[in-house]
Amino acid sequence: MNKVAILGSGKSAENFIKAIKLNSDFKLVQIGSRNKNRAKKISTNYSNNIEINSINKVIESKKNNLVIVCLPASIQFEVIKKLFKLNKNVICEKPFVINYIDSTKLLKNWKKFKPICLINYCYNFLEPLEFFSKEIQKNKINIHTVNISWKVSNNSKIVRPNWKNKRNMGGGVLYNFSSHLLNLLFPKKTKLKILSSEQYYLKNKRIKRIETNDNKADKICSFTLKNKFIYNFFLSTISNPTLGIKMELIGTKGTRVMSNFNSDSPTNGFIMKSYFKAGNKIKITDIKFNKKK
């Protein structure tokens, strides 16, 4: 039996509670949070007998052997390091940490203590994104370019400020979106060449370009990578009205375009259109994906 503790009490923690209820091999025993009232509220979705405590006390507790970390990325490094030293298994929300140096330090700790460690990239398991990834692997159209656009509209006047809006805390468009895409497209250790990169942030209602390593850059990000193909990425949290994900495979034998623009969620409403040249005509075929929770 996996005796589970959750660190954090936000939306991700709520979703993990729903998942734990679906599998009898997992039992939620503790929630550690800085907001104990919020933790108590979400705990009732599982049971009224969940222990609510501070983050450190739950980390050090012997009542759990699997800890799900749903905290701001800027503090996850120290938390996961402590969990590894206690040889506890970890499921961690993305992004794992907010810089490469910290990730290599945690990798050394993981190799030393050898617990299980998983990073939650839930988009990988969406039917349309799995399909898109397999189309790249099959490469029936002789791909030379992959274009990906992920746009979200956030009204800065009504969006509540939190760590997800701040890149120096592990938020912003780069960490929130591109980490999903990079994990989807390059699931194995891969050498990538950066051909170009640009980032922007919003100041006084104007877009300001800034260096890629500046922590203020959290609204728009575009970059180009080279592996077997050219990969062009454009990510934005201030695009309006065209909202959603668009992914294009462009090859010498055809083009495939998958998008869910103007759907009610980034996880549904996907349609794949395939364009192939047949003599002097362009043949178009459609695939619609089912709406899934």
Side-chain angles (χ1 to χ4, degrees), residues 1-122 160-172 175-176 179 183 215:
M1 171 67 69
N2 295 283
K3 296 179 181 179
V4 184
I6 294 178
L7 301 181
S9 54
K11 190 64 179 177
S12 293
E14 282 190 85
N15 288 334
F16 272 112
I17 289 174
K18 292 176 184 177
I20 292 167
K21 288 176 70 174
L22 297 175
N23 194 316
S24 59
D25 291 332
F26 296 82
K27 181 181 180 181
L28 180 62
V29 295
Q30 295 170 304
I31 297 177
S33 177
R34 296 168 294 181
N35 186 337
K36 292 186 179 180
N37 289 333
R38 168 70 182 165
K40 187 174 182 179
K41 183 178 179 180
I42 67 169
S43 71
T44 58
N45 294 325
Y46 185 86
S47 167
N48 289 317
N49 299 318
I50 306 301
E51 178 186 329
I52 309 297
N53 222 318
S54 68
I55 290 172
N56 281 332
K57 285 188 176 180
V58 170
I59 289 172
E60 294 167 0
S61 173
K62 294 182 179 180
K63 294 179 181 179
N64 62 70
N65 57 13
L66 169 62
V67 180
I68 299 174
V69 183
C70 307
L71 297 169
S74 58
I75 64 175
Q76 287 188 160
F77 171 75
E78 293 296 337
V79 167
I80 295 169
K81 185 170 69 172
K82 289 178 183 178
L83 291 170
F84 281 175
K85 287 182 178 180
L86 292 169
N87 204 31
K88 293 188 178 183
N89 300 320
V90 174
I91 298 176
C92 178
E93 275 292 276
K94 66 86 194 172
F96 189 42
V97 289
I98 62 173
N99 62 62
Y100 179 73
I101 293 173
D102 284 351
S103 68
T104 56
K105 288 178 180 177
L106 282 184
L107 182 60
K108 288 179 181 178
N109 272 269
W110 173 73
K111 288 181 177 179
K112 181 179 179 181
F113 298 102
K114 297 183 179 179
I116 294 171
C117 182
L118 303 173
I119 304 172
N120 180 32
Y121 279 106
C122 52
R160 181 170 58 89
N162 59 37
W163 70 270
K164 286 194 173 183
N165 308 123
K166 300 176 181 179
R167 186 184 164 193
N168 63 334
M169 295 183 71
Y175 293 141
N176 270 338
S179 62
N183 187 67
N215 285 330

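No hydrogens, no waters, no symmetry mates; every other heavy atom, side chains included, goes into these values. Residues: numbered from 1 along the sequence shown.
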Ignoring hydrogens and geometry, is there a side-chain-to-backbone donor-acceptor pair from [X] to [Y] under 3.5 Å?
X	Y	answer
K94	N176	yes
S47	I50	no
E93	A73	no
K41	S9	no
K88	I59	yes
N64	V58	yes

(request) Indicate whether the side chain of K82 and that of N56 have a donor and an acceptor atom separated by less than 3.5 Å. (result)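 Judged by distance alone, the side chains do pair up.
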(message) Within the 3.5 Å criterion, strictly below it, is a donor on N87 or K114 matched to an acceptor on the partner's side chain?
(response)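 The answer is no; no qualifying pair exists.
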(request) Among I31, I20, I17, find the residue that satisfies the side chain to side chain contact (heavy atoms under 4.5 Å, CB included) test when tested with I68. (result)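 Between I68 and the candidates, side chain to side chain contact (heavy atoms under 4.5 Å, CB included) is satisfied uniquely by I20.
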(request) Identify the heavy atoms of I80 and C92 that sit nearest to each other, and give their distance. (result)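 Heavy atoms only, the tightest pair is CD1-SG, 3.6 Å.
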Check whether more than 12 heavy atoms from other residues, nucleotides or ligands sit under 6.0 Å from atom [atom1] of [X], and answer yes or no.
X	atom1	result
I116	CD1	no
I101	CD1	no
K40	NZ	no

(request) Just do the side chain to side chain contact (heavy atoms under 4.5 Å, CB included) check on L71 and I55 with the steps written out, would you? (result) CA-CA 10 Å; L71 297 169; I55 290 172; 3.8 Å; yes
(request) Would you please test E14 and R38 for salt bridge (charged side-chain N to carboxylate O under 4.0 Å, His left out) and show each step? (result) CA-CA 11 Å; E14 282 190 85; R38 168 70 182 165; 2.6 Å; yes
